[in-house]
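Note on naming: letters A, B, ... go to the chains in the order of the sequence lines (proteins, then strands), and numbering restarts at 1 for each one.
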Amino acid sequence: MDRTASRGAGELASRYDPAEVEGRWAARWAEQPFTADPYSPKQAFTIVIPPPNVTGALHLGHAFDNTIIDVLIRFKRMQGFEALFQPGTDHAGIATQVQVERELKRQGASRYDLGREAFVDRVWEWKREYGGVIIEQLQRLGISASWDRLRFTMDEGLSEAVRRQFVSLFHQGKVYRAERIVNWDPASQTVLSEMEVDREERPAEMYELAYELEDGGALTIATVRPETIFADVAVAVHPEDQRFEGLVGRRVRIPLTDRWVPVIADEAVERDFGTGALKITPAHDPTDFEIGARHDLPRPSIIDKDAKLTGEYVPEGFRGLDRFEARSRVVGALEAAGALTGRREHTVALGLSQRTGEPVEPLLSLQWFYDTDEAAAKALKRVESGEVGFVPERYTKVDADWLRNLRHWCISRQLWWGHRIPAWYDADGNVYVPPADDPLTDPTDDPRWSGLDLQRDPDVFDTWFSSNLWPFSTLGWPDEDDPYFRKFYPTDVLVTGYDIISFWVSRMQIAGEEFTGRPPFRTVLLHGLVLDAEGQKMSKSKGNGVDPLDTIERYGADALRFAVSRASTGGQDVRWDDRIVEMGRNFATKLWNAARLVSMQEGTPHAGSLKDSPNLADRWLLSRLQRATTEITASLEAYDLGAANRAAYEFVWSELCDWYLEAAKAPLRAGDGHALATVNHALEAVLKLLHPMMPFVTSELYQALGHAEQVAESEWPTADDSLLDPEAEAAFERVMSAVTAARNLRSEAELSPSRTIEVWAHGPGASGLSSAKGLFESLARATLREGLPEGAALVGALPDVELRLPLAGQVDVAAYGERQRGRLEKARAEMERSGKKLSNERFVQGAPAEVVEEERRRMAEAASLVERLERALADLVS
RNA sequence: GGGCGGUUAGCUCAGCGGGAGAGCGUUCGCCUUACACGCGAAGGGUCGGGGGUUCGAAUCCCUCACCGCCCACCA
């Protein structure tokens, strides 16, 4: 073993071990996080984390959000921005509560056994125990957030922000309490917003029921919920429906009861659907609620919060029955009573609780609502004017449509875990809310109301009623003088999956307008969803999720980040494929070994300008590096991580490693200072360019090259156009083609790669090739001679030169000839195509000059190739 | 019922107006002193179908088919 090899081996292990290296750097970045200085003169660049559930575990969705954000943050930081990646977690009300309740259940208890206070303590305990897990996992991913600024939605400051939000909106009249039809989840015993309800197509039955008319005859209605007939207050038909002319104003009897209800006319009734007559149940159906309101009808409820039939309107035999049980019993009774006149299969869009999977029950309930109309309109303007942009652009419309069609948001939840609503009620149900200028004082401490017995609302806010403030509550708001708020708000980019636009993005836009008068971010960068190998969305319930930590363990976090970066193209959904991660792992190893090769070199790099190098390979590489730098930088600036990834991969593997390093080996061995300077420079640049996507291996290698500062703190490379060298690129590419042709000859001749072959060059390009003799010979492992060799030879034809390899005995000439004929066919086809095009007057006239010129060049090349191949074949036969 | 995305090599995907690309897999060689997580060579596609625009279409327009997603109060 020679000295250089042993020295290199001492510096860098011969095989890259991601686990060891990554663990070390992850710990370093966790302990000494990248901080952002609010007083820095540098321009701010801010991204807030989409806060993960505090008790959750890292999944691929998080890996996407955070990798993309971290790539942008590291990139901008290196570009000289004061970059803040604001981290934190969400208390995730219902999700966390359900989780802790499940744990309690395993111990044979329920939250009611503990009582509210003890239960909430229990959740805090749970949070203390598991709340750090996801943070550690993110740190393991190499996320360079400002961990010293970790925030939680239920921190004191953020809770204050939520309280201020409510109080302010209340006094503006935008938040109000009202009885409305809500989506009730009987399993978790809370109301849900529209968005927390998943619609699922389910087969069901539609029943036709005959309601007896008071003057004889019957009116037949259609329903999928016969069990709700007891809450009927009317039957509605369309005002212009001639079938029911004369019936409006008369009364019908609800089957199985003695109640008579009026027939009313309402435009909401669809004439073509069902029988054209609709039973009206205002307390258990949103449409019916509205129709009932228009006609001033009562709203009797007959389904309770456990989804059981209840109340005096329900005949005794059905009282206490679960809704579904009740349905079949009611249908039986209707049939027996002769009121069931028809039934048929029908698909319904059943609402299911996103959390519990339980069918939600629409019922009447007194809840808090938030009228977002005014702020949404302002937010919409920003979107329409382009002040807030979406990447990819098509989501602009999704967001705008959403902002346009918002309904009032039900913000109260019957949970214990969350921000408790700061509203109090007296015995008469009057509402007391802290004053606008002093939102933190409880009304019970307010001297004005000291004589009253005020009870605080037991409910808490919807989780999103705190995460909507996230882009500014984490930066110190409501303290508008907080230096972080001043420096880093509004944030620059919001990165998240497109499935969260309605939940979070639009609500942050609204909150930003409402409380800061500014949009909370300038750009919304949306990524696709992660699908499994079958194209199914990954989800906990399906159990088809990939555990990113497992992936990290097997391939390394850099490899995972590489895969995420590469998959981030155009907001496209990604079918997760470990082969891409493998590609990333291999790439990290490739980089490692390239650095190892470089670190093994001894000698003194040329001290002057890189432009001084007389070596064709150096000039070629430096020129290519400028192009790669430009492309990678532009791609990152356009938030196109996929393109940046591909450009970097291509340059490093196919150009730097496959060609340049091979070409440079000989000069380096000879102590060429120009080659050494070039290779050092290129490697350093590559480490920087790759650092955002693969922070671990690049940090380790940068350090190994002897830098005291971290690569993360180094300056982002800028392309130096004076190093662009189209001439060198073209010349080196000719050498590359010749080398490939020579290697092909070796392969055709079945000669061992270890053997040096003798290659003869003939043709106008031969002398050019000879001028790069050394390069060609070392890359092709050949001896280059000019001219034509004696006797039979294999021929590799290039447009301007042909390479001949004198025939050794063992070659299968017939097979070789076959392949050669194939090449000739291709070249002829090429020639024909070009010829056709060039003889087309309209092409020559209509196409841009350079395109026509290019075509002429192609034509000439093809013609020359055909000629060489024909001659070579003739030689072979002779 | 509206809206959006997808259909490119066996698989997973880039490319989105000037002669089809990558990784994996396949075939043939190689432990060539950075790397077998590697090196060299090769094979493989009428870019879902049909129409149109254009000198020129995988790329733009229309249309059809299939796959997927989002929104929607026909009970």
- Query: Would you say B:A14 has OP1 or OP2 under 4.0 Å from some side-chain N or O of A:Thr569?
  - Reply: yes
- Whole angstrom value for the distance that separates P of B:C74 from CG of A:Asp241: 19 Å
- Message: Suppose you measure atom P in B:A57 against the same atom in B:G51; what distance do you get, rounded to whole Å?
- Response: 13 Å
- When rounded to the nearest Å, what value does the distance between C1' atoms of B:C30 and B:G68 take? 45 Å
- Between CZ of A:Arg842 and P of B:G18 the distance, given in whole Å, is 19 Å
- Answer yes if the side chains of A:Asp232 and A:Thr281 hold a donor-acceptor pair under 3.5 Å, and no otherwise. yes
- Starting from the 5' end of RNA chain B, give me the residue, A:Gly835 or A:Val224, whose nearest nucleotide shows up first. A:Gly835
- Message: Under 4.0 Å, heavy atoms only, any strand: does A:Tyr16 hit a base, just the sugar-phosphate, or nothing?
- Response: nothing
- Looking at the side chain of A:Met583, which of B:G23, B:G19, B:A75 is the nearest nucleotide? B:G23
- Aromatic rings A:Trp576 and A:Phe64: how do their planes relate, parallel, tilted or perpendicular, breaks at 30° and 60°? perpendicular
- Message: In this structure, how many angstroms lie between the C1' atom of B:A75 and the CZ atom of A:Arg343, rounded?
- Response: 17 Å
- Task: Take the protein atom CD1 of A:Ile580 and the nucleotide atom P of B:C13, then report the distance between them rounded to whole Å.
- Result: 8 Å
Protein and nucleotides 5-10 of chain B: nitrogen or oxygen contacts under 3.5 angstrom:
from: B:G5; atom 1: O2'; to: A:Gln572; atom 2: OE1; distance (Å): 2.9

- Query: Any idea which of B:C55, B:C73, B:A72 is nearest the A:Ala847 side chain?
  - Reply: B:C55
- Side chains of A:His295 and A:Asp266, donor plus acceptor under 3.5 Å: yes
- With a non-hydrogen cut-off below 4.0 angstrom, is A:Arg746 in contact with a base, only sugar-phosphate, or nothing? nothing
- Query: So does A:Ser834 reach the base of B:G19 with its side chain, donor to acceptor, closer than 3.5 Å?
  - Reply: yes
- Within the structure, does a side-chain N or O atom of A:Trp653 lie under 4.0 Å from either OP1 or OP2 of B:A34? no
- Message: Reading 5' to 3' and counting Watson-Crick or G-U wobble pairs with both distances under 3.5 Å, write the dot-bracket notation for RNA chain B, | for bases paired outside the strand.
- Response: ((((((((.[[[[.)..(..]]]].(((((.......))))).....[[[[[..)....]]]]])))))))....
- Message: Suppose we call a contact any N or O donor and acceptor under 3.5 Å apart; does that hold for the side chain of A:Gln601 and the base of B:A34?
- Response: no
- Task: Round to the nearest Å and state the distance from A:Phe273 atom CZ to B:G1 atom C1'.
- Result: 13 Å
- Query: Rounding to the closest angstrom, what is the interatomic distance between B:G23 and B:A9 at atom P?
  - Reply: 16 Å
- Between B:G17 and B:C13, how far is it from one P atom to the other, in whole Å? 22 Å
- Assign A:Glu841 to base, sugar-phosphate, or nothing according to its heavy-atom contacts below 4.0 angstrom with the strands shown. nothing
- Check: A:Arg823/A:Gln820 side-chain N/O donor and acceptor closer than 3.5 Å: yes
- OP1, OP2 of B:C73 versus side-chain N and O of A:Arg407: anything below 4.0 Å? yes
- Query: Given side chains that start at C-beta, do those of A:Met693 and A:Ser565 come closer than 4.5 Å, heavy atoms only?
  - Reply: yes
- Which residue lies toward the 5' end of RNA chain B, A:Arg575 or A:Val739, if each is placed at its nearest nucleotide? A:Arg575
- Item | Neighbour count above 12 (heavy atom, 6.0 Å) for A:Glu20 CD | yes
- Task: Test for a donor-acceptor pair under 3.5 Å between the base of B:A75 and the side chain of A:Lys279, counting only N and O atoms.
- Result: no
- Task: Using the C1' atoms only, state how far B:U54 lies from B:C62, rounded to an integer number of Å.
- Result: 16 Å
- Message: Regarding A:Asp399 and A:Tyr498, do their side chains bring together a donor and an acceptor under 3.5 Å, going by distance alone?
- Response: no
- Message: Measuring from the side chain of A:Asn744 (C-beta onward, heavy atoms only), which nucleotide among B:A42, B:G43, B:G38 has the closest atom?
- Response: B:A42
- Separation of the C1' atoms in B:A41 and B:U46, to the nearest angstrom: 28 Å
- Item | Residue A:Asp658, side-chain atoms from C-beta onward, closest of B:A22, B:G18, B:G40 | B:G40
- Query: Cation-pi between A:Arg180 and A:Phe289: NZ/CZ under 6.0 Å from ring centre and within 45° of the ring axis?
  - Reply: no
- Query: Among the nucleotides B:G40, B:C35, B:C30, which one has an atom lying closest to any side-chain atom of A:Pro753?
  - Reply: B:C30
- Message: Taking A:Leu779's backbone N and O only, do any of them form a donor-acceptor pair with A:Arg743's side chain (distance below 3.5 Å, no angle check)?
- Response: yes
- Note on the structure: In short, A:Val844 meets A:Leu838 closest at the heavy-atom pair CG2-O, 3.2 Å
- Residue pair A:Thr220 / A:Glu208, side-chain donor-acceptor N/O under 3.5 Å: no
- Looking only at atom C1', what distance separates B:G29 and B:G19, rounded to whole Å? 31 Å
- Item | Integer-rounded Å distance: B:G29 C1' and A:Ile757 CD1 | 13 Å
- Message: Heavy atoms from C-beta onward define the side chain here; which of B:C35, B:U12, B:G18 lies closest to that of A:Asp577?
- Response: B:U12
- Message: It should be established whether A:His346 places a side-chain nitrogen or oxygen under 4.0 Å from OP1 or OP2 of nucleotide B:A75.
- Response: yes
- Message: Check the phosphate of B:C55 against A:Lys837, side-chain N and O only, distance under 4.0 Å to OP1 or OP2. Yes or no?
- Response: no
- Task: Grab the CZ-P distance between A:Arg404 and B:G2 for me, whole Å please.
- Result: 18 Å
- Exercise: do A:Glu196 and A:Ser193 side chains pair donor with acceptor under 3.5 Å: yes
- Is the phosphate of B:G19, meaning OP1 or OP2, less than 4.0 Å from a side-chain N or O of A:Arg833? no
- Item | Check: A:His346 ring centroid to A:Phe273 ring centroid under 6.0 Å | yes
- Item | Integer-rounded Å distance: B:C73 P and A:Arg225 CZ | 16 Å
- Message: Looking only at the side chain of A:Lys590 (C-beta and beyond, no hydrogens), which of the listed nucleotides B:A34, B:G40, B:G18 gets closest?
- Response: B:A34
- Message: Taking only the C1' atom of each, what is the distance from B:G21 to B:C67 in whole angstrom?
- Response: 25 Å
- Spacing of A:Glu270 atom CD and A:Thr287 atom OG1 [to the nearest 0.5 Å]: 10.0 Å
- Message: Categorize A:Lys397 for me: base, sugar-phosphate, or nothing, with a 4.0 angstrom heavy-atom threshold over every strand shown.
- Response: sugar-phosphate
- If you check the A:Glu855 side chain, which of B:A41, B:A34, B:G19 turns out closest? B:G19
- Message: Does A:Glu662 reach a base, just sugar-phosphate, or nothing at all? Heavy atoms under 4.0 Å.
- Response: base
- Note on the structure: The nucleotide from B:C55, B:C35, B:C74 with an atom nearest the side chain of A:Asn593 is B:C35
- Query: Does a side-chain N or O from A:Arg646 land closer than 4.0 Å to OP1 or OP2 of B:A14, or not?
  - Reply: no
- Item | Nucleotide of B:A34, B:U32, B:G19 approaching A:Arg781 most closely (side-chain heavy atoms) | B:U32
